[in-house]
Amino acid sequence: MKITRRRKEKLIKNIFFLFAIVSLLILFLIVLFLFREGIPIFKEVTLWDFLFGNEWYPTYQPPSYGIWPLIVGSLIVTFFSSLIAVPIGVMSAVYISEIAPAALKEVLKSVIELLAGLPSVVLGFFGMVVLAPWLQETFDLPTGLNIVNASLILALMAVPTISSISEDALYAVPKEFKEASYALGATKYETIVRVIVPSAFSGIMTSVILGMARAIGETMVVLMVAGGAAAIPESLFDSVRPMPASIAAEMGEAPFRSGHYHALFATGIVLFFMTLIFNLVADYVSHKFREEGSGTL
Amino acid sequence: MEKDSIIETNRVHFYYGKFRALTDISMRFQKHRITALIGPSGCGKSTLLRLLNRMNDLIPEARVEGEVVFEDRDIYGPDVDPVEIRKKIGMVFQKPNPFPKSIFNNITFGPKLSGVAAKADLRNLVEESLRQAVLWDEVKDILDRSAMALSGGQQQRLCIARALAMKPDVLLMDEPTSALDPISTAKIEELVEELKKKYTIIIVTHNMQQAARISDMTGFFYLGRLVEYELTEKIFTNPSVKQTEDYITGRFG
Ligand SMILES: Nc1ncnc2c1ncn2[C@@H]1O[C@H](COP(=O)(O)OP(=O)(O)OP(=O)(O)O)[C@@H](O)[C@H]1O
Ligand SMILES: [Mg+2]
């Protein structure tokens, strides 16, 4: 049978549709599974007590399944790592795309790419054997595995995400805007601050949010350097146990379909919603500003 | 410097890296006149225009020889700040390029940088500039709307208003109507003729009728050289060089 052009196009369209459906289906099945394994915990504990309970003793008799300390742990390391990574990531992107001489630009870009390519376990290792002893000695602490350590290492991981996406957004700012600015007698610095960065704003915001999403979902680093204490921290030098660390550390020991097992899946659901919210916000921000016609991603 | 000229180029050569884009250009641009620059694509019209307010500084490897005299000094002299030059010599580009900001903030962008801060002053300046650019009636009720929502012709007039808000001495226009429909083009041509009372205008155009209609002086360029520079009337009725005649009658270019 001869394949007409129309039929061929239809075939191609269907193949792409199939692939799209498959990835959607897989995602759906994962979420379904997550909920199926997580929901049963609410037979043992109310949603409120689960989310806001202060005690995470899943192996005690009787157990208590309050993940508030884990949520706080996640939020706190995400917050502080963003505090460090956002200025560094955005500034380095501005420097690379607008200021650095061509040769240095290439060097910096490769350094940041290299940083992005480092396996998280290597970064975690660095935090454990270099940063932790140093923190412990310098500040005379019982342990160097704490919020500060985790935030620093997570920041190191978020910087490449923030920097490279911001950089793309800055590059995408039309040359015409810059020319218009210079032609009105703006200096280079004024052009960067008043034209280039605002035009790339939605892309920069997207990068920030994706960087934060990266930090909140990161497992290996927090498992290795956050210290693992499931308690509400009182100082920046206290240990915490962010949600991914808790799941990774305990899943192996939790008996199949026990309360502990379900509680860990439910923690996964909470984490899922948090990253989902981050992504929705990123999406919203990038669309909102695009509609106003700024030059962005 | 001759009495009624405002900018002069003396034996200017211009290079993009090794490529010489302009050769030995000596021209006087007269105050309160409209000078048109014409010539085939790639002959260096935009290069010359951008040379006059140091926009070419932004291109790496660009190099100027000779001098460009404005207000009795060489604007390529060692102690000249290009930012100051660009405040006095405004520019309108081929493609309308408003900022993705409100109409109001587009106009006030330059003046704010130069230190105009009082709200009332800014508001007056916005109205004055938009009136000069014959855009006021169309946008007076939507000043806080994004400039990107305007039509192409309106955007171009906004860009002219934005340049005028700096109260420049000279306005450089690089094919300001090439992206516009005939009605917008006519509006901008009218506007340009109106503006020459207060400003000196140098305009690049590919449209021969336009050059003939609005300009007082016309320079014809070919391959980076100034072939003929004369009163517009003379150029279009009785050019002295054969090449000029061929070009304006459409035999090449
Ligand atoms: N940024 C640049 N780098 C290198 N060469 C350039 C650059 N800009 C222009 N040129 C070259 O300089 C010459 C003159 O260019 P210019 O843009 O001044 O021409 P033009 O007369 O304005 O042409 P058009 O009518 O098409 O706009 C051309 O040969 C062009 O290829
Ligand atoms: Mg040109």
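Numbers restart at 1 for each chain; the letters A, B, ... are given by sequence-line order, proteins then strands. This one's a predicted model, so the numbers in the text were calculated from it and none came from an experiment.
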Check ion pair E179(A)-K95(B) (N to O, under 4.0 angstrom):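 No, no charged N to carboxylate O under 4.0 Å.
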Minimum heavy-atom distance R162(B)-A180(A), with the two atoms named: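 R162(B) and A180(A) have their closest heavy atoms at NH2-CB, 3.3 Å.
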Taking side chain as C-beta onward, heavy atoms only, is [X] less than 4.5 Å from [Y]?
X	Y	answer
L184(A)	F99(B)	yes
F93(B)	E176(A)	no
V83(B)	Y182(A)	no

Between R54(B), R50(B), K88(B), M91(B), the one whose heavy-atom pairs under 4.5 Å with chain A are most numerous: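 Going by pairs under 4.5 Å, I would pick R50(B).
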Chain A contact via P168(B) - side chain, backbone, both or neither, heavy atoms under 4.5 Å: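 Looking at P168(B), nothing touches chain A.
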Heavy-atom neighbours of K10(A) NZ exceed 12 at 6.0 Å: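 For K10(A), atom NZ is not crowded (no more than 12 foreign heavy atoms under 6.0 Å).
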Proximity of residues 195-206 of chain B to chain A, residues having a non-hydrogen atom under 4.5 angstrom: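 Result: none.
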Value rounded to 0.5 Å, distance of OG in S181(A) from CZ in R86(B):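 CZ of R86(B) is found 9.5 Å from OG of S181(A).
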Spacing of L113(B) atom CG and R194(A) atom CZ [to the nearest 0.5 Å]: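 It comes to 5.0 Å.
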Polar side-chain atom of N97(B) near backbone of F177(A) as donor-acceptor pair, under 3.5 Å: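 The answer is no, because no donor-acceptor pair under 3.5 Å joins these two groups.
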